[in-house]
Chemist: 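My questions will all concern the structure given below.
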Amino acid sequence: LFQPNENLKIMPSFYYQRIFQNDAQAYTEYVSDPDSGRFVNNSNAASPFEATYKLPALNVTYDFGSVSLTGNVSYFDQDNEINRDYGDFLATLLGGVVTPETGISGPFGDALDYYNQTFFVHSQKAWTGELRLASQDSGRFNWLVGGFYQHAKQTEAQYLPEVSAESFDNFVQAFLGIPASVAFGGV
């Protein structure tokens with residue numbers, strides 16, 4: 001708190017947080033043993049996560065005696081980057097088995113090198129402001145008048161890097177028993 005005189009109070013603040021995880025906090029139940037403390041993530045690729053949050057704010061109050069004027073302003077800035085491997089999800093959805101030891105196994109064979117990594121980028125920026133005038137009388141009637149403003153922008157992007165044709169073909173053959181070119185009409 002900064003108080004240049006008895007009527008003026010200025011309170012700046014800043015919140016910052018950075019999170020980094022080397023891999024997803026998920027585990028695959030059928031290859032893990034939580035009772036013995038063994039948690040296994042069976043993805044073929046790592047799923048790191050990084051997030052940064054910043055929130056500077058300023059609160060200024062001036063006491064005029066019978067009324068006070070308060071102004072608040074803040075700016076929220078958030079950026080996230082997330083990698084996710086959906087290869088094991090797709091394989092499980094199609095009835096396959098995925099284990100760290102054997103990789104992806106389908107009813108017609110294995111697709112050991114297949115992964116389907118997706119990259120998400122999320123950004124959020126928001127200005128928020130408030131100005132209010134309030135009575136400070138000890139009488140029966142008190143009043144408050146003010147205004148609030150917010151301007152926010154949020155973006156989300158998802159990138160799907162191309163998986164090699166050979167890896168995808170192995171995956172399709174493991175689950176459908178036919179090459180990808182036959183399953184998808186000449187793809």
Chemist: Does the side chain of Ser68 reach to within under 4.5 Å of the side chain of Gln136, using non-hydrogen atoms?
Modeler: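 Side-chain contact under 4.5 Å: yes.
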Chemist: Just list the side-chain donor-acceptor pairs under 3.5 Å for residues 149-159, sequence neighbours left out, or say none.
Modeler:
{"residue": "Gln150", "atom": "NE2", "partner": "Thr128", "partner atom": "OG1", "Å": "3.1"}
{"residue": "Glu156", "atom": "OE1", "partner": "His122", "partner atom": "ND1", "Å": "2.7"}

Chemist: Are Leu1 and Lys9 close enough that some pair of their side-chain heavy atoms sits under 4.5 Å apart?
Modeler: yes
Chemist: Just wondering, are more than 12 heavy atoms of other shown residues or ligands nearer than 6.0 Å to NZ in Lys125?
Modeler: yes
Chemist: Quick one: closest heavy-atom pair of Ala134 and Leu144, and the distance?
Modeler: CB-CD1, 3.5 Å
Chemist: Would you give the length of the straight line joining atom CZ of Phe76 to atom CD of Gln124, rounded to the nearest 0.5 angstrom?
Modeler: 5.0 Å
Chemist: Is a side-chain donor or acceptor of Ser32 paired with a backbone partner of Val40 at a separation under 3.5 angstrom?
Modeler: yes
Chemist: Could you measure the distance from the CD1 atom of Ile82 to the CD atom of Gln21? Nearest 0.5 Å is fine.
Modeler: 9.5 Å
Chemist: Over all heavy atoms of both residues, which pair between Val172 and Phe184 is shortest? Give the atoms and the distance, please.
Modeler: CG2-CE1, 3.8 Å
Chemist: Do the side chains of Ser123 and Gln78 get nearer than 4.5 Å, heavy atoms only?
Modeler: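 Result no, sub-4.5 Å side-chain heavy-atom pair not found.
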Chemist: Is there a side-chain contact between Pro12 and Phe14 in this structure, where contact means two heavy atoms from C-beta onward sitting under 4.5 Å apart?
Modeler: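 Not touching, per the 4.5 Å side-chain cut-off.
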Chemist: Say you draw a straight line from CG of Leu55 to OG of Ser74; how long is it, rounded to the nearest 0.5 Å?
Modeler: 5.5 Å
Chemist: Does any non-hydrogen side-chain atom of Ile10 lie less than 4.5 Å from one of Gln3?
Modeler: no
Chemist: So, the side chain of Arg84 versus the backbone of Ser47: is there a donor-acceptor pair under 3.5 Å, distance only?
Modeler: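 Yes, Arg84 side chain to Ser47 backbone: donor-acceptor pair under 3.5 Å.
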Chemist: Any idea which heavy atoms bring Asp137 and Ser66 closest together, and the distance?
Modeler: OD1-CB, 3.6 Å
Chemist: Return the CG to CD distance between Asn83 and Glu50, rounded to the nearest 0.5 Å.
Modeler: 10.5 Å
Chemist: Step by step, work out the side chain to side chain contact (heavy atoms under 4.5 Å, CB included) result for Leu69 and Phe64.
Modeler: CA-CA 8 Å; Leu69 179 65; Phe64 289 99; 3.8 Å; yes
Chemist: Side chains of Leu131 and Phe148, heavy atoms from C-beta outward: is any pair under 4.5 Å?
Modeler: no
Chemist: Applying a strict under-4.5 Å side-chain criterion to I, L, V, M, F, W and Y, I'd like to know whether Leu133 and Val73 cluster together.
Modeler: yes
Chemist: Within a strict 4.5 Å, meaning less than it, do heavy atoms of the Asn72 and Leu58 side chains meet?
Modeler: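 Not touching, per the 4.5 Å side-chain cut-off.
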Chemist: Under 4.5 Å between side-chain heavy atoms, hopping through other hydrophobics if needed: is there a path connecting Val60 to Met11?
Modeler: no
Chemist: Do the side-chain N and O atoms of Ser36 and Asp33 include a donor-acceptor pair separated by under 3.5 angstrom?
Modeler: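 Yes - a donor-acceptor pair under 3.5 Å links their side chains.
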Chemist: For the hydrophobic clusters of this structure (ILVMFWY residues joined by side-chain heavy atoms under 4.5 Å, transitively), does one cluster hold both Phe2 and Leu8?
Modeler: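 Yes, same cluster.
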Chemist: Begin from the C-alpha positions of Tyr16 and Thr52 and carry the test side chain to side chain contact (heavy atoms under 4.5 Å, CB included) through to its verdict.
Modeler: CA-CA 8 Å; Tyr16 175 84; Thr52 305; 3.7 Å; yes
Chemist: Starting at CD1 of Ile178, measure out to CZ of Phe108 and round the result to the nearest 0.5 Å.
Modeler: 9.0 Å
Chemist: Could you tell me the separation between the CZ atom of Arg132 and the OG1 atom of Thr61, rounded to the nearest 0.5 Å?
Modeler: 7.0 Å
Chemist: Go through the side-chain N and O atoms of Asn7 and Asp63 and say whether any donor and acceptor fall under 3.5 Å apart.
Modeler: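 Asp63 and Asn7 do not have a side-chain donor-acceptor pair below 3.5 Å.
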Chemist: Any link between Tyr15 and Tyr75 through a network of hydrophobic side chains (Ile, Leu, Val, Met, Phe, Trp, Tyr) touching at under 4.5 Å?
Modeler: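 Tyr15 does not cluster with Tyr75.
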Chemist: Return the orientation label for the Phe168 and Phe171 ring planes: parallel under 30°, perpendicular over 60°, tilted otherwise.
Modeler: parallel
Chemist: May I ask whether Phe49 and Val121 are part of the same hydrophobic cluster, defined by side-chain heavy atoms of I, L, V, M, F, W, Y residues being less than 4.5 angstrom apart, directly or through others?
Modeler: no
